[in-house]
Amino acid sequence: MTALPERTVDSKFPAGDSDDSADREPVATNSEQKAIENKSLKASFLTSFFTSTLSIFERRSDSFSVEKKPTKSRSYGWTTAVRKVVTSGSMRRLQEHILGTSRFDNLSMTSQIWFLGKCYKLSLEESSQCSDPGNSYAAFLEDFSSRIWITYRKGFEPIVESKFTCDVNWGCMIRSSQMLVAQALILHHLGRSWRKPLQKPYELQYVEVLHLFGDSSTCAFSIHNLLQAGRGYGLAAGSWLGPYAICRTWETLARANKEQAEHDKCKESLPMVLYIVSGDEDGEQGGAPVVCIEVAARLCSDFSKGQLEWAPILLLVPLVLGLEKINPRYIPLLWETFTFPQSVGILGGKPGASTYIVGVQDDKALYLDPHEVQPAVDIRRDDSEADCTSYHCSTVRHLPFDMIDPSLAIGFYCRDKGDFEDFCSRASQLADSSNGAPLFTVVQNLQPAKPIPCHVGSLQSDQVRSLS
């Protein structure tokens with residue numbers, strides 16, 4: 001896709017992708033004014049090449065589909081042949097090799113995997129006689145392929161005030177965030193041990209979760225409604241955004257949906273508190289975000305209108321952990337968050353390619369990739385026989401942790417007060433082990449801002465009046 005509007009974003013993520021990025025050069029902000037490293041430039045160039053080529057043939061295909069009397073020509077035969085080459089598995093493998101991403105076959109068979117709070121201790125002696133089949137590769141793959149996979153879609157209803165019927169080249173950050181929230185909903189309704197059934201009919205709660213993320217304005221958490229909610233942050237169809245903006249967009253959408261649901265019982269809303277963990281305004285924690293127990297309690301009380309002491313809570317922690325590259329001191333801390341039972345993953349990836357990071361092994365980050373173009377599907381909330389295959393993926397991709405974009409967001413879901421207290425305990429221990437550079441901190445109460453010292457005698461009278 002070409003001629004997309006350029007916008008200043010809060011990270012190097014222009015919500016593009018490694019497979020389908022548009023021809024673009026993201027605009028950097030403040031501290032990101034420095035030149036992008038040669039490796040990043042190479043990735044960006046190659047990304048644009050592959051994507052532009054794929055997009056050309058995608059548009060070519062679409063144009064034939066609307067002709068009343070399609071005719072074949074030498075040109076059509078040539079483009080068809082080239083399209084087969086460009087979209088072939090070998091070409092995608094070449095692209096992944098050049099851009100630095102890999103698939104499951106390069107994972108270690110002897111190192112443990114931490115996957116959304118669960119540990120899989122693998123070994124070379126794994127066999128059908130394995131004493132703990134729950135730790136097998138097969139068990140890990142079953143768990144991985146049960147997570148909700150949300151990708152680019154084409155052919156959905158036009159987004160309001162635009163003609164976009166596809167989000168290729170710009171929607172990957174939105175899709176990554178949808179996957180994270182979907183995982184929180186699966187935990188909330190079905191629990192961490194849930195696995196996608198092999199046979200139909202499916203549980204209606206599972207189908208209802210998929211329905212929420214349908215590509216229609218009638219679906220609560222659709223790309224259409226997220227774009228509408230994010231207008232205050234400059235979001236628009238075809239634009240790029242970073243992790244902080246998408247977190248605030250979810251906060252706006254959750255609030256709006258809850259207000260609508262209070263007046264219309266048929267409306268769907270997020271069945272949990274959404275807490276966007278912000279930075280310490282006082283600056284004493286080095287700018288690290290602060291999880292405040294008092295704030296969480298207040299949000300829970302407001303959520304239940306004072307009827308309950310606590311409520312389920314989804315915490316999103318947007319972070320910037322470096323300028324052009326992630327600061328290596330943060331990598332062990334990020335790795336450790338996947339050992340939290342409350343983990344619902346990370347919105348992150350390489351510059352220009354947002355992904356949903358779901359696990360770790362050694363120095364690798366395992367992720368679900370939204371950069372796959374699939375036709376839009378309509379899953380009714382009461383259809384237990386729905387075809388849900390396009391919402392699951394068994395391909396495990398990974399990238400080196402030190403190649404992750406420094407702008408990211410971590411997610412945690414706490415089912416109840418005890419779960420939240422356990423999370424706070426783990427987070428505090430993690431902060432204590434950070435050598436003064438925590439990802440975030442936990443406090444009971446936020447300290448009031450310190451007054452700015454001033455010498456009244458040195459101020460003019462009008463300045464004195466302005467302070468009173």
Side-chain angles (χ1 to χ4, degrees), residues 115-118 142-150 175-216 218-222 225-226 250-251 253-258 260-262 264-275 296 299-300 303-304 307-316 340-345 347 356 358-359 368 377-393 411-420 422-423:
F115 179 68
L116 297 175
K118 179 173 175 57
E142 181 187 20
D143 192 357
F144 181 89
S145 61
S146 294
R147 300 313 107 199
I148 307 301
W149 180 48
I150 301 179
R175 299 304 189 179
S176 299
S177 73
Q178 286 178 317
M179 285 190 269
L180 186 149
V181 176
Q183 171 61 13
L185 289 169
I186 290 293
L187 284 177
H188 179 77
H189 291 298
L190 298 169
R192 182 62 183 86
S193 61
W194 178 84
R195 301 292 182 268
K196 181 180 178 292
L198 298 177
Q199 297 180 342
K200 303 175 182 179
Y202 300 130
E203 304 102 313
L204 284 182
Q205 284 185 322
Y206 158 65
V207 176
E208 288 172 358
V209 168
L210 297 184
H211 168 77
L212 291 171
F213 298 93
D215 296 302
S216 166
T218 60
C219 299
F221 307 136
S222 66
N225 289 327
L226 282 164
W250 274 101
E251 181 182 47
L253 180 60
R255 185 187 306 114
N257 285 356
K258 190 173 189 305
Q260 293 175 7
E262 290 173 354
D264 184 353
K265 299 302 181 182
C266 294
K267 295 289 185 179
E268 299 150 319
S269 63
L270 196 65
M272 61 191 73
V273 173
L274 182 55
Y275 181 7
L299 290 173
C300 289
F303 181 82
S304 65
Q307 297 179 5
L308 299 173
E309 179 187 2
W310 206 262
I313 185 167
L314 171 61
L315 300 98
L316 296 179
F340 288 27
Q342 300 83 11
S343 171
V344 288
L347 302 181
Y356 175 38
V358 291
L368 280 163
V377 294
D378 179 20
I379 294 183
R380 301 191 311 273
R381 60 186 304 177
D382 59 349
D383 186 3
S384 61
E385 299 287 337
D387 182 1
C388 304
T389 54
S390 67
Y391 282 98
H392 295 276
C393 174
F412 303 96
Y413 168 77
C414 303
R415 180 177 298 277
D416 50 37
K417 188 175 182 179
D419 202 20
F420 179 76
D422 179 75
F423 161 76

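Start at 1 with the first residue, then count along the sequence. The basis for the numbers below is simple: all heavy atoms, side chains too, and nothing from hydrogens, waters or symmetry mates. Bear in mind that the values here come from a model prediction, so they are computed numbers and not experimental data.
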A.B. asks: Examine distances only and state if a side-chain atom of Ser146 and a backbone atom of Lys196 form a donor-acceptor pair shorter than 3.5 Å.
C.D. replies: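 The answer is yes, because a donor-acceptor pair under 3.5 Å joins these two groups.
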A.B. asks: Check Val207 against Ser384 and note the closest heavy-atom contact, atom names and distance.
C.D. replies: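 Taking every non-hydrogen atom into account, CG2-CA, 4.2 Å.
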A.B. asks: Could you check whether any side-chain N or O of Arg415 sits under 3.5 Å from a backbone N or O of Leu187, counting only pairs where one atom can act as donor and the other as acceptor?
C.D. replies: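 Confirmed, Arg415 side chain pairs with Leu187 backbone.
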A.B. asks: I need the Arg381 CZ to Leu212 CG distance, nearest 0.5 Å.
C.D. replies: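 That separation rounds to 7.5 Å.
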A.B. asks: Quick check: do Met179 and Leu347 have side-chain heavy atoms less than 4.5 Å from each other?
C.D. replies: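 Met179 does not reach Leu347 side chain to side chain.
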A.B. asks: Before accepting this row, confirm whether a basic side-chain N of the pair Lys200/Asp387 lies closer than 4.0 Å to the acidic partner's carboxylate O.
C.D. replies: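 Result for this pair is no, no salt bridge flagged.
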A.B. asks: What residues form a salt bridge (charged side-chain N to carboxylate O under 4.0 Å, His left out) with Asp143, not counting sequence neighbours?
C.D. replies: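 With neighbours one apart ignored, the set is Arg147, Arg192, Arg195.
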A.B. asks: Is the shortest side-chain heavy-atom distance between Leu185 and Pro271 below 4.5 Å?
C.D. replies: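 Leu185 reaches Pro271 side chain to side chain.
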A.B. asks: Determine whether Leu116 and Phe144 satisfy the following criterion, side-chain contact (heavy atoms from CB on, under 4.5 Å), listing intermediate values before the conclusion.
C.D. replies: CA-CA 10 Å; Leu116 297 175; Phe144 181 89; over 6 Å; no
A.B. asks: Using 0.5 Å steps for rounding, measure from the CZ atom of Phe221 to the CD atom of Gln178.
C.D. replies: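 Between Phe221 CZ and Gln178 CD, I get 10.0 Å after rounding to 0.5 Å.
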A.B. asks: Pairs of donor and acceptor atoms involving the side chains of residues 307-314, under 3.5 Å and at least two apart or interchain, shall be tabulated with distances.
C.D. replies:
{"residue": "Glu309", "atom": "OE2", "partner": "Lys417", "partner atom": "NZ", "Å": "2.8"}

A.B. asks: Do Asp383 and His211 make a side-chain contact, defined as non-hydrogen atoms from C-beta onward lying under 4.5 Å apart?
C.D. replies: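 Counting from C-beta outward, Asp383 and His211 never come under 4.5 Å.
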A.B. asks: Trp149: what forms a ring-ring contact (aromatic ring centres under 6.0 Å, His included) with it, not counting sequence neighbours?
C.D. replies: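 By the ring-ring contact (aromatic ring centres under 6.0 Å, His included) rule, Trp149 matches no residue at all.
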A.B. asks: Grab the two heavy atoms, one from Leu270 and one from Ala254, that are nearest each other, plus how far apart they are.
C.D. replies: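 Nearest heavy atoms, Leu270 then Ala254: CD2-CB, 4.2 Å.
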A.B. asks: So Leu226 and Trp250, do their side chains get closer than 4.5 Å, heavy atoms only?
C.D. replies: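 Yes, at least one pair of side-chain atoms sits under 4.5 Å.
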A.B. asks: Can you name the ring-ring contact (aromatic ring centres under 6.0 Å, His included) partners of Tyr275, sequence neighbours left out?
C.D. replies: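 If we apply the ring-ring contact (aromatic ring centres under 6.0 Å, His included) test to Tyr275, skipping adjacent residues, there are no hits.
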A.B. asks: Grab the two heavy atoms, one from Tyr206 and one from Ile186, that are nearest each other, plus how far apart they are.
C.D. replies: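 Heavy-atom minimum between the residues: CD1-CD1, 4.4 Å.
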A.B. asks: Flag the pair Asn225 / Asn257 as yes when at least one side-chain heavy-atom distance between them is below 4.5 Å, and no otherwise.
C.D. replies: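 No, side chains not in contact.
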A.B. asks: Looking at Ser343 and Gly117, would you say the former's side chain and the latter's main chain have a donor-acceptor pair under 3.5 Å?
C.D. replies: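 A pair under 3.5 Å: no.
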A.B. asks: Please list, chain by chain and in numerical order, all residues satisfying side-chain hydrogen bond (donor to acceptor under 3.5 Å, both in side chains) with Arg380, sequence neighbours excluded.
C.D. replies: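 Not a single residue meets the side-chain hydrogen bond (donor to acceptor under 3.5 Å, both in side chains) criterion with Arg380.
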A.B. asks: Is Phe213 close to Ile379 at the side-chain level, that is, under 4.5 Å between some pair of heavy atoms?
C.D. replies: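 In short, these two side chains do not touch, never coming nearer than 4.5 Å.
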A.B. asks: Hey, are the side chains of Arg255 and Lys258 touching, using non-hydrogen atoms and a 4.5 Å cut-off?
C.D. replies: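 No, every pair of side-chain atoms sits at 4.5 Å or beyond.
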A.B. asks: Determine, step by step, whether Ser222 and Asp215 satisfy the side-chain contact (heavy atoms from CB on, under 4.5 Å) criterion, reporting the C-alpha distance in whole Å, the side-chain angles of both residues, the deciding distance to 0.1 Å, and the verdict.
C.D. replies: CA-CA 5 Å; Ser222 66; Asp215 296 302; 5.5 Å; no
A.B. asks: Is the shortest side-chain heavy-atom distance between Leu315 and Cys414 below 4.5 Å?
C.D. replies: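 SC-SC contact between Leu315 and Cys414 confirmed.
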A.B. asks: Quick one, Ile148 with His392, criterion side-chain contact (heavy atoms from CB on, under 4.5 Å). Give me CA distance, side-chain angles, the key distance, then yes/no.
C.D. replies: CA-CA 6 Å; Ile148 307 301; His392 295 276; 3.9 Å; yes
A.B. asks: Using 30° and 60° as the class limits, which term best fits the ring planes of Phe423 and Phe420: parallel, tilted or perpendicular?
C.D. replies: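 The rings of Phe423 and Phe420 sit tilted, inter-plane angle from 30° to 60°.
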A.B. asks: Taking ring-ring contact (aromatic ring centres under 6.0 Å, His included) as the test, write out the residues that go with His189, two or more places apart.
C.D. replies: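 Scan of His189 (ring-ring contact (aromatic ring centres under 6.0 Å, His included), adjacent residues dropped) gives none.
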